[in-house]
2 protein chains.
Amino acid sequence: MTSAHFDAERFRYLILAAQRLGQRQMNASMKAIGLTPAQSEVIRVLGQHQPITLKDLGELLICESGSPSRLIDRMVQDGLVEKEPHPSDARFVYLRLTPTGTEKARTIEEFEENMYRDLGLLFPNQEMSMVSDTLQKLLSHSPIADTLRKRGLLRDPAETD
Amino acid sequence: MTSAHFDAERFRYLILAAQRLGQRQMNASMKAIGLTPAQSEVIRVLGQHQPITLKDLGELLICESGSPSRLIDRMVQDGLVEKEPHPSDARFVYLRLTPTGTEKARTIEEFEENMYRDLGLLFPNQEMSMVSDTLQKLLSHSPIADTLRKRGLLRDPAETD
DNA sequence: TGAAATTAGATGACACGTCATTTAGTATAG
DNA sequence: CTATACTAAATGACGTGTCATCTAATTTCA
């Protein structure tokens with residue numbers, strides 16, 4: 001096995017491991033407020049882009065690629081999100097947070113602030129940025145880059161090439 | 001929003017996005033050989049650690065945390081894996097690749113070699129290592145670090161602190 | 001030796017996450 | 001005006017991934 005092979009395999013599995021670890025921690029933390037990680041991403045995005053159609057919401061979520069029909073269905077059932085028909089085009093559905101959803105949005109925001117602060121304490125700030133810069137390069141030619149850009153999660157949009 | 005906050009949120013979602021992108025590409029590639037990404041990780045690990053108990057296999061998989069009972073059940077049904085009772089302790093089950101499974105192992109190995117080569121072409125080799133070093137530090141105090149170490153995916157095991 | 005603790009694996013329950021297909025509403029082209 | 005193309009959302013199908021609980025076998029120890 002060449003060194004390049006080792007580096008690539010190590011990279012591949014460390015990305016997977018980091019995502020899994022983060023997901024498990026988010027599972028536990030969100031469970032305490034009665035949510036899943038996917039639901040909390042929806043609530044955060046919805047809190048900043050209200051009202052929005054299902055399709056447009058789908059284009060803002062990192063956690064899921066297609067249109068989040070069923071994710072939203074569950075959230076409607078749980079009283080977190082409301083659907084509203086589009087006045088002139090019945091194909092669209094507008095989504096809004098309910099008061100309960102809005103309340104959760106603030107709880108999540110507080111939680112995330114703490115989480116980001118803690119994460120920042122683990123590394124020199126510049127080290128995290130360098131990792132992100134490399135990942136951004138890796139993702140820049142994939143469809144998901146659009147989503148990241150719309151979410152304002154990319155640095156230097158001019159250099160996404 | 002502070003810059004540290006932005007850096008941490010960007011990092012968080014880039015990890016998620018990279019994992020999702022990789023998973024989707026693996027989905028597509030493995031589908032061509034009739035497998036899922038989780039199944040292909042099992043086959044690769046099993047190819048190098050045969051025979052092995054379910055529990056020990058679970059401790060070698062990055063893709064899943066618990067014991068992979070159902071993942072293996074499906075692979076047994078699909079004729080990829082065989083179960084064999086432990087001679088003296090009926091709690092254990094030994095797992096082995098079937099001839100079909102062994103064949104798939106070689107196909108996967110070839111595919112991965114190409115994938116790792118392609119990935120290596122995207123970055124200066126040292127850049128990928130630096131990212132991995134940071135991720136390794138992040139994961140070093142989590143349970144998943146054991147798995148990574150057993151899989152030989154960590155560099156400088158002495159410095160996991 | 002025999003009850004209690006421990007262990008490996010199986011199972012239940014739940015919510016994704018992906019791709020493919022279907023349904024239904026709207027726009028477009030002839 | 002109507003058949004066709006297009007679009008948004010819903011649905012089907014499938015395989016995870018996680019946590020909790022259960023079952024069965026074995027070990028421990030009073």
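Heavy atoms only: backbone and side chains are in, while hydrogens, waters and symmetry mates are out. In what follows, every chain begins at residue 1, and chains take the letters A, B, ... in the order their sequences are listed.
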Would you please say whether a donor-acceptor pair under 3.5 Å links the side chains of [X] and [Y]?
| X | Y | answer |
| --- | --- | --- |
| B:R117 | B:N114 | yes |
| B:E127 | A:T134 | yes |
| B:Q136 | A:R10 | yes |

OP1 or OP2 of [N] sitting under 4.0 Å from any side-chain N/O of [X]?
| X | N | answer |
| --- | --- | --- |
| B:S65 | D:dT18 | yes |
| A:R24 | D:dG17 | no |
| B:Q39 | D:dT16 | yes |
| A:Q23 | C:dA15 | no |
| A:K83 | D:dA8 | no |

- request: Would you please classify the geometry between the B:H5 ring and the A:Y116 ring as parallel, tilted or perpendicular, with 30° and 60° separating the classes?
  value: perpendicular
Would you indicate which nucleotide in [options] comes nearest to any side-chain atom of [X]?
| X | options | value |
| --- | --- | --- |
| A:A90 | C:dG17, D:dA25, C:dT26 | C:dT26 |
| B:F92 | C:dA8, C:dC19, C:dT11 | C:dA8 |
| A:E64 | D:dA13, D:dA9, C:dG17 | C:dG17 |
| A:R20 | D:dT18, C:dG17, C:dG9 | D:dT18 |
| A:R70 | C:dT11, D:dT11, C:dG9 | D:dT11 |
| A:T36 | D:dA13, C:dC16, C:dA8 | C:dC16 |
| A:R91 | C:dG17, D:dA13, D:dC6 | D:dC6 |

message: Reading DNA chain D from 5' onward, which residue's closest nucleotide shows up sooner: B:D78 or A:S69?
response: A:S69
5' precedence on DNA chain D between B:R74 and B:S88 (nearest-nucleotide basis): B:R74
field: Residues within residues 46-54 of chain A bordering DNA chain D, heavy-atom distance below 4.0 Å
entry: A:T53, A:L54
Short N-O contact, [X] and [Y], less than 4.0 angstrom:
| X | Y | result |
| --- | --- | --- |
| B:D78 | B:K104 | no |
| A:R149 | A:D146 | yes |
| A:R151 | B:E9 | no |
| A:R20 | B:E64 | no |

- prompt: Nearest nucleotide by nearest heavy atom, which residue falls closer to the 5' end of DNA chain C, B:V93 or B:A28?
  reply: B:V93
Whole Å only: how far is the [atom1] atom of [X] from the [atom2] atom of [N]?
| X | N | atom1 | atom2 | answer |
| --- | --- | --- | --- | --- |
| A:L61 | D:dA9 | CG | P | 13 Å |
| A:D89 | D:dA9 | CG | P | 9 Å |
| A:D56 | D:dA9 | CG | C1' | 13 Å |
| B:D73 | C:dT11 | CG | C1' | 10 Å |
| B:L35 | D:dT16 | CG | C1' | 14 Å |

